[in-house]
Amino acid sequence: MAAPPLLALRGVCKRFGVVEVLKNIELEIHAGQVVALLGDNGAGKSTLVKVISGVAPAERGVIEWEGRTVHIRRPHDARNLGIATVYQDLALCGNLDVVGNVFLGREILRYGFLDEVEMERRTRHLLERLTRSIPDLRGPVVSLSSGQRQTVAIARSLLGEPRVLLLDEPTAALGFEQTTEVLDLVDELRDRGLGVLLISHNMGDVKALADRAAVLRLGRNNGFFDVNTASQEQIISSITGATENVPRRPAHREAGW
Amino acid sequence: MVKEMRGAADGSWTEPAAEADRSDPRRAVLDAVEGWVVVFRRKLSAGELGWLPVVLVLATVWIIFQSLNDNFLSPRNLSNLSVDIVGTGLIAVGIVFVLLLGELDLSVGSISGLAAAVFAVLNVNNGMPEWFALVVAVLAGTAAGTVQGYSFAKSRVPAFVITLAGLLTWNGIMLYILGTSGTINLDENGLVAKLTSHYFTNDAAAYGLAAVATALVFLVAHQDRRRRKAVGMPHRSLRGIAVRTAVAAVIAFSTAYVLNSFQGLPLALLIFLVVVAGLDVVLRRTHYGRQVYALGGGVEAARRASLSVTRVQTAVLAVSGTMAAIGGLFLASRITSVSQNSGSGVLLLNAIAAAVIGGTSLFGGRGTTWSAVLGMLVIQSIASGMAITDTPAALQFMITGGVLFAAVMIDALARRSQEAHGRA
Ligand SMILES: Nc1ncnc2c1ncn2[C@@H]1O[C@H](COP(=O)(O)OP(=O)(O)OP(=O)(O)O)[C@@H](O)[C@H]1O
Ligand SMILES: [Mg+2]
């Protein structure tokens, strides 16, 4: 038997009012793997991320962490498990500076007071892994460019050695060079054994980086693919709904890896 | 982490490398000026003018009234001014907390009146020891604020609506407990009366406070520089620290000199400054304060970062209720009486105006407790100048209104330019 997946979703449902946004979602994220979560606009990708990160907890279904059933009811629960998230809307506090945002909720104290020096040092260190042009760490983040803010959100997700990383279109606002650096970093994190869920509309990036792809369509699973063997056409037709063959389980589960 | 705490206003940050060639003094000065310009530009482009507008307004007000009447800047008038700002100023400090959330507390006037009434009834009418009645009065304010805060956090109704209900309720309770007694006179020599009537007449008190304040400014800046330098991060130059300390020393010692030329250091001013400085540290240097700023920057973002939103929101309105009660006791102390009019009139408006004029943003997330001091100085200077020059009250309202309007416009412009600068 292979090790259980780091994170698994079984039959997860989520509704906003009367609208059922996620229906019986199955998903597995293994350590050392990048899973691409694909789907058209409004397919429910961001909602799924919010379910896992505790922002919008699921109504039904089971979430397993290393084979154990866990309850994620608040962002706090997800963080304690080791799940870090880069939200599509970034969720930064515009008035705080870069250091304040990166350490928000996890401030380092010294004699009971905020240790700005140490936090700034570590923030710089985190950002150095992501970019060569470090933005002003002490100006409010509203004054940064979209790409710089995205970099800050990614840096924040790396704080505290997470085990699973949820990236909701993390490179949407990034330039060419910056995108490459972020994707290289994801690659490196995978090699270090993290499980990564990557949402992206860029098939090129998905092909280059992901091991597996899970497709959502109208709030349902619409196919699981091994990115190395599946053709781009297969995946795209699954996204657009040309093929509606819905495997009820992630294909690789039976394959036993 | 909001700009001021960086103390970057003096612009004297140097990269570690830049300090290597400090042998040429002209070069060092140029570097310092350049740094100053960079920081100032950054602040301008981020839409932050910081203290600049309010200090300019204060200087203008002082120059105008001094030219109209020589007595305006006399030690006597300035000393009285420094005591007159305390009652409303303490209430304004609480308002700063609420404004940082992007909310408004309309109940502070009523709470201040309620606290004063509680004190007077317990102490004067029922003979409870002063200190005990004082503690109960302050806790009454805390309780009122906590109730409002919890309702606000749980219902997500804007705080100004909940505190509007509070304004009426607390005022009603105050009238009820005052009953038919109307005006209650406080003991002229009692503890509460002493709050605003006691002066430390020994010159050493004011100068000692000035020395301590200056030393703290220096030590904090120096310690910060030492730690940053040790890990090779950008840090302030020694020259920058010297300038900073010198500015602090000039302000502190000239204030002390003026106060000592009249009756010495007023106890009320001492308490006010200690409270403002203490709460400033709480806001900018503690975990709790960081959460307050974060909520002002975005409740949803704060929630996703695992902050306990309900707790922080409740605590903020509790602080504002507590400060309103303390301020109410100082206001009662100033006139040594409590009546049905306590806490009414322009008090609430002045407290909010002071925080905003001092530079705290109405949009949340930007401001410090020091804005309560600066804003109150402006408002009270106008009031005092008007009184000295026999100008009608109508004009005083118009001028204060104009200053408030200008402050709000600056705040709105700052916000707009930040957004224009940031959004893609
Ligand atoms: N808070 C909410 N209340 C009601 N409906 C919502 C809410 N959030 C999302 N939805 C709905 O859920 C559906 C899925 O939205 P979601 O943001 O998850 O899509 P997505 O796959 O991330 O799309 P995109 O690629 O555009 O980011 C949409 O139809 C949206 O209208
Ligand atoms: Mg989305």
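Every heavy atom of this structure was used, including side-chain atoms; hydrogens, water molecules and symmetry mates were not.
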- Without swapping roles, check the side chain of B:R303 against the backbone of A:V55 for a donor-acceptor pair under 3.5 Å. yes
- Full working for side chain to side chain contact (heavy atoms under 4.5 Å, CB included) between A:R121 and B:R228: CA-CA 9 Å; A:R121 194 180 68 77; B:R228 287 172 168 277; over 6 Å; no
- At a heavy-atom separation under 4.5 Å, does A:R124 approach chain B through its side chain, its backbone, both, or neither? side chain
- What are the two closest heavy atoms between A:P75 and B:S306, and how far apart are they? C-OG, 3.7 Å
- Please report the shortest heavy-atom distance between B:G298 and A:C93, naming the atom on each side. O-SG, 4.1 Å
- Decide yes or no for B:Q291 and A:L104: does some side-chain heavy atom of the first lie under 4.5 Å from some side-chain heavy atom of the second? no
- Task: Determine whether B:R290 and A:L96 make a side-chain contact, defined as any pair of heavy atoms from C-beta on separated by less than 4.5 Å.
- Result: yes
- Task: Check the pair A:L114 / B:T286 against side chain to side chain contact (heavy atoms under 4.5 Å, CB included), numbers first and verdict last.
- Result: CA-CA 5 Å; A:L114 299 180; B:T286 68; 5.5 Å; no
- Item | Enclosure of B:Y150 OH (heavy-atom neighbours >12, cutoff 6.0 Å) | no
- Tell me, yes or no, whether the heavy-atom count around A:F16 atom CZ, taken from other residues, nucleotides or ligands under 6.0 Å, exceeds 12. yes
- Message: Within the supplied structure, the quantity of interest is the number of heavy atoms (other residues, nucleotides, ligands) at a distance under 6.0 Å from A:E188 CD; does it exceed 12?
- Response: yes
- Message: Using a strict threshold of under 4.0 Å (side-chain N to carboxylate O), is an ion pair present between B:R285 and A:E116?
- Response: no
- Message: Using side chain to side chain contact (heavy atoms under 4.5 Å, CB included), reason through B:V231 and A:E118 one step at a time and then give a plain yes or no.
- Response: CA-CA 9 Å; B:V231 289; A:E118 180 62 15; 5.6 Å; no
- Are side-chain heavy atoms of A:R106 and B:H287 found at a separation under 4.5 Å? no
- For residues A:G105 and B:L307, report the shortest heavy-atom separation together with the two atoms involved. CA-CD1, 3.7 Å
- More than 12 foreign heavy atoms under 6.0 Å from CZ of A:R110: is that the case here? yes
- Is chain B contacted by the side chain of A:L92, its backbone, both, or neither, given a heavy-atom distance below 4.5 Å? backbone
- Message: Keeping A:N95 on the side-chain end and B:Y293 on the backbone end, is there a donor-acceptor pair under 3.5 Å?
- Response: yes
- Message: Does this structure show an ion pair linking B:R304 with A:D89, if we count only N-O contacts that are shorter than 4.0 Å?
- Response: yes
- Item | Heavy-atom proximity to chain B below 4.5 Å, by part of A:R74 | neither
